[in-house]
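Below: the structure, in structure tokens.
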Amino acid sequence: DSASVVIGAMVLAPLMAPMVSFSMGVLRKDSNLFWNSLGTIAVGIALALGASALFSSLIPFQNWTDELSGRLQPSLLDLSVAVISGIAAAFAKADAKVAQSLAGVAIAVALVPPLSVVGIGIGWMEWTIISNAMLLFLTNLVGIVMAASLTFLVLGYSTGVKAKVSFWMLGASLILIAVPLYFSFGKMAAHANAQRLLNERSFTIHGKELTLSHVELHDKTPLRIRCDVRSASDIGDEEMKTLKQRLNALLESPVVLEARIIRVY
């Protein structure tokens with residue numbers, strides 16, 4: 001859960017350069033550039049997945065950190081960041097005067113961290129982690145390639161006729177990615193509303209007032225709620241069981257409740 005380590009992985013960005021080169025290969029239909037870049041990307045993906053899966057399987061505990069959770073809710077917002085970053089990366093590649101901005105682009109789009117989260121999901125055998133983090137990675141990949149190819153076209157690196165078929169393929173990929181992102185965005189909005197609904201909400205159970213605070217929702221099946229439960233009275237198993245039932249009814253969905261009980265004097 002170290003932000004500095006995650007930022008280091010972003011700055012290193014071993015996949016950014018081959019992705020930009022891949023964009024040029026797609027645009028110009030340059031088979032050598034296309035396959036060499038694709039091979040480099042594939043090797044980088046395999047190394048990131050293999051290393052993270054190996055380490056996560058060797059570590060004798062499963063700690064669901066904020067850095068991990070932050071890469072499990074891809075949405076259309078992530079796609080927009082990837083598109084803008086792809087444009088910036090293409091400019092940085094084409095113009096030496098703005099090349100120093102490539103590190104900032106790499107931090108913004110963050111290719112390695114979501115891949116590492118996929119590897120952690122593989123090591124833990126958690127399909128939710130694998131699928132959501134992989135969707136974020138594919139979002140970044142498709143957004144960067146599409147935007148960088150379009151930028152290279154505007155900069156005059158290929159004719160429009162030559163690039164037409166390539167953009168049809170990239171556009172289809174973008175649509176395929178956008179569909180699950182749209183539903184993911186809706187789910188993220190629903191979770192934000194649910195978190196706002198529950199935070200500082202009080203329930204009267206068996207004559208005791210229980211107040212929720214520091215509510216966090218984690219997208220697992222069933223939905224996992226982490227929170228503090230404050231009360232001026234002792235809280236037993238029966239009260240917690242009833243609280244969980246109330247939450248099930250309120251959210252119209254089964255939940256797993258992970259609560260820290262705090263006695264308020």
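Positions are given from 1 along the sequence.
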Between the main-chain N or O of [Y] and the side-chain N or O of [X], is there a donor-acceptor pair closer than 3.5 Å?
X	Y	value
S149	M146	no
N199	Q195	no
E209	A232	no

Could you pull out the closest heavy-atom pair between [X] and [Y], with the gap in Å?
X	Y	result
P222	P254	CB-O, 3.4 Å
A194	L217	CB-CD2, 3.7 Å
D78	Q73	OD2-O, 3.8 Å

| message | What verdict does the side-chain contact (heavy atoms from CB on, under 4.5 Å) test give for V117 and L136, after you've listed the backbone C-alpha separation in whole Å, the side-chain angles of each residue and the deciding distance to 0.1 Å? | response | CA-CA 10 Å; V117 174; L136 176 57; over 6 Å; no

| said: Show, in sequence, the C-alpha distance, side-chain angles and deciding distance for F91 and L155, and conclude whether the side-chain contact (heavy atoms from CB on, under 4.5 Å) test is met. | reply: CA-CA 9 Å; F91 269 110; L155 292 175; 3.7 Å; yes

Can you tell me how far [atom2] of [Y] sits from [atom1] of [X], rounded to the nearest 0.5 angstrom?
X	Y	atom1	atom2	value
S213	E200	OG	CD	5.5 Å
L197	L250	CG	CG	5.0 Å
L153	M24	CG	CE	10.5 Å
D30	Y157	CG	OH	14.0 Å
E67	S69	CD	OG	9.5 Å
I84	L79	CD1	CG	10.0 Å

Heavy atoms, side chains only, cut-off 4.5 Å: are [X] and [Y] in contact?
X	Y	answer
L243	L212	yes
I205	I235	no
M19	N140	no
M134	L138	yes
V229	L257	no
R71	V6	yes
L198	L247	yes
V145	S23	yes

| In the single-linkage hydrophobic clustering (I, L, V, M, F, W, Y; side-chain heavy atoms under 4.5 Å), do V112 and I122 co-cluster? | no

| Any link between V142 and L38 through a network of hydrophobic side chains (Ile, Leu, Val, Met, Phe, Trp, Tyr) touching at under 4.5 Å? | yes

| said: Can you tell me how the ring of F34 sits relative to the ring of F22, calling it parallel under 30°, perpendicular over 60° and tilted otherwise? | reply: tilted

| task | Answer yes or no: are there more than 12 heavy-atom neighbours, outside H206 itself, under 6.0 Å from its atom NE2? | result | yes

| said: More than 12 heavy atoms of other residues, nucleotides or ligands under 6.0 Å from CG of N193: yes or no? | reply: yes

| request: State which residue, out of V83, L111, T139, I87, fulfils the side chain to side chain contact (heavy atoms under 4.5 Å, CB included) condition with I144. | output: L111

| note | residues 245-264 vs side-chain hydrogen bond (donor to acceptor under 3.5 Å, both in side chains), sequence neighbours excluded, gives R224-E258, R226-E258, D228-R260, D234-R263

Solution key, residues 41-60 side-chain donor-acceptor pairs under 3.5 Å, sequence neighbours excluded:
from : atom 1 : to   : atom 2 : distance (Å)
S52  : OG     : A48  : O      : 2.7
S52  : OG     : L49  : O      : 3.2
S52  : OG     : S116 : O      : 3.4
S56  : OG     : S52  : O      : 2.9
S56  : OG     : A53  : O      : 3.1
S57  : OG     : A53  : O      : 3.1
S57  : OG     : L54  : O      : 2.7

| said: Assess the residue pair T242 and F203 against the criterion (side-chain contact (heavy atoms from CB on, under 4.5 Å)); give the C-alpha distance rounded to whole Å, side-chain angles, the decisive distance to 0.1 Å, and a yes or no. | reply: CA-CA 10 Å; T242 304; F203 298 84; over 6 Å; no

| message | Set out, in order, the CA-CA distance, both residues' side-chain angles and the distance that settles side-chain contact (heavy atoms from CB on, under 4.5 Å) for I261 and S231, then state yes or no. | response | CA-CA 8 Å; I261 299 173; S231 177; over 6 Å; no

Give the table of side-chain donor-acceptor pairs shorter than 3.5 Å for residues 173-192, with sequence neighbours excluded, one pair per line with atom names and distance.
from : atom 1 : to   : atom 2 : distance (Å)
S173 : OG     : M169 : O      : 3.1
S184 : OG     : P74  : O      : 2.3

